[in-house]
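Here's the structure, in structure tokens; my notes come after.
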Number of protein chains: 2
Amino acid sequence: MPVTIPDEILERMAEKFRTLGDPTRLAILRALLGGEKSVGVVVAETGQNQANVSKHLKLLAEAGMVRRRKEGLQVFYVVADPLVESLCELVCGTILREAEADVERGRKIMKSWGRRG
Amino acid sequence: MPVTIPDEILERMAEKFRTLGDPTRLAILRALLGGEKSVGVVVAETGQNQANVSKHLKLLAEAGMVRRRKEGLQVFYVVADPLVESLCELVCGTILREAEADVERGRKIMKSWGRRG
DNA sequence: GCACTAATTTACTATACGGTCAACTAGATA
DNA sequence: TATCTAGTTGACCGTATAGTAAATTAGTGC
């Protein structure tokens with residue numbers, strides 16, 4: 001018989017996906033996957049408002065995806081959950097494959113203009 | 001130098017995550033991972049309102065995660081994107097491991113009450 | 001203490017989205 | 001044609017959340 005997943009687990013799964021479901025947060029995580037960075041650097045690399053970056057970083061920290069370290073005036077963040085990289089790689093790979101398929105379809109459509117039919 | 005991911009790719013990645021970022025949709029997908037099912041069956045298995053299930057299924061279909069097939073009065077849906085299973089397995093596994101870690105921590109705390117210190 | 005900088009927080013707006021009920025559509029059956 | 005059933009859609013409400021600007025906090029150097 002099928003195993004029913006309790007609501008609480010589904011909610012926790014959904015929360016992780018939801019946390020990754022925003023392009024700005026993905027950009028921030030992408031920056032942080034390159035190593036620990038200060039908020040200022042992340043702001044520069046993402047081109048986003050500092051207040052906004054700060055809020056997203058807080059959200060990511062609360063979700064346990066990122067770790068915070070204060071040093072003088074600056075605050076540094078790193079990716080703390082290996083899941084982030086796995087999930088992003090999987091999804092990004094899929095999208096690139098989809099894009100390649102689109103290109104291929106396009107190629108065929110282009111070709112079809114060159115022959116009768 | 002770091003490869004900057006274009007906004008459009010980030011948005012497409014975020015959209016996939018966002019689609020999975022809802023417990024009701026996860027419940028629906030969980031039901032459909034067991035094989036093709038009619039809307040009615042999904043409604044029964046998830047215990048959700050039919051209108052609501054129908055809307056979520058539409059959303060999932062538009063995101064390409066699910067395929068629709070009509071047969072007489074009924075409409076059947078299946079998971080169409082292998083990404084769904086991979087992502088859910090990864091996240092679900094992580095959460096279960098987190099839960100086990102919590103239990104282990106709890107065990108240690110319990111034990112600490114039994115000895116001096 | 002005062003000025004300066006890095007980051008966070010607050011207040012606000014706009015928008016997206018989930019849930020529900022009611023209306024509607026499509027197909028089967030009499 | 002009238003009716004029943006399975007699904008979808010539309011209208012509505014409430015809530016959550018992204019973005020921004022302004023106020024605030026925390027640390028540095030004069």
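Heavy-atom basis, side chains included; hydrogens, waters and symmetry copies ignored.
Residue pairs satisfying the salt bridge (charged side-chain N to carboxylate O under 4.0 Å, His left out) criterion with at least one member in residues 50-67 of chain B, sequence neighbours excluded, are absent. The stretch residues 72-93 of chain B participates, sequence neighbours left out, in no side chain to side chain donor-acceptor pair (under 3.5 Å) pair at all.
B/Val42 and B/Leu73 are not part of a single hydrophobic cluster, where members link through side-chain heavy atoms under 4.5 Å apart. By the criterion of side-chain heavy atoms lying less than 4.5 angstrom apart, applied directly or through intervening Ile, Leu, Val, Met, Phe, Trp or Tyr residues, A/Leu96 is grouped together with A/Val91 in one hydrophobic cluster. A/Leu90 and A/Val79 fall within a single hydrophobic cluster, where Ile, Leu, Val, Met, Phe, Trp and Tyr side chains are chained together by heavy-atom contacts under 4.5 Å.
For the pair B/Glu8 and B/Arg12, the salt-bridge criterion is met [side-chain N within less than 4.0 Å of a carboxylate O]. A salt bridge is defined here as a Lys NZ or Arg NE, NH1 or NH2 lying under 4.0 Å from an Asp or Glu carboxylate O, and B/Arg107 with B/Glu104 meets this definition.
Counting non-hydrogen atoms under 4.0 angstrom, A/Phe76 reaches nothing in the nucleic acid. Contacts of B/Lys55 with the nucleic acid, taken as non-hydrogen atoms under 4.0 Å apart, include base atoms.
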Under 3.5 Å, which N/O atoms of the protein pair with N/O atoms of nucleotides 14-17 of chain C?
none

Just the table, please: protein N/O against nucleotides 28-30 of chain C N/O, every pair under 3.5 Å.
none

Given salt bridge (Lys or Arg N to Asp or Glu O under 4.0 Å), test A/Glu98 with A/Arg105 step by step and report yes or no.
-> CA-CA 10 Å; A/Glu98 283 174 7; A/Arg105 252 192 299 284; over 6 Å; no
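Straight-line distance from the OH atom of A/Tyr77 to the P atom of C/dA6: 15 Å, rounded to whole Å.
Nearest heavy-atom pair across A/Leu26 and B/Ala14 is CD1-N, 3.5 Å. Taking every heavy atom of both residues into account, B/Glu15 and B/Ala63 meet most closely at OE2-CB, 4.0 Å.
Nucleotides of DNA chain D with any atom under 4.0 Å from a heavy atom of chain B span, from 5' to 3', D/dT5 to D/dA11.
When each of A/Pro23 and A/Lys70 is assigned the nucleotide of DNA chain D bearing its nearest heavy atom, the one mapping closer to the 5' terminus is A/Pro23.
Only B/Gln50, B/Ala51, B/Ser54, listed by number, bring a heavy atom of residues 46-54 of chain B to less than 4.0 angstrom from any atom of DNA chain D.
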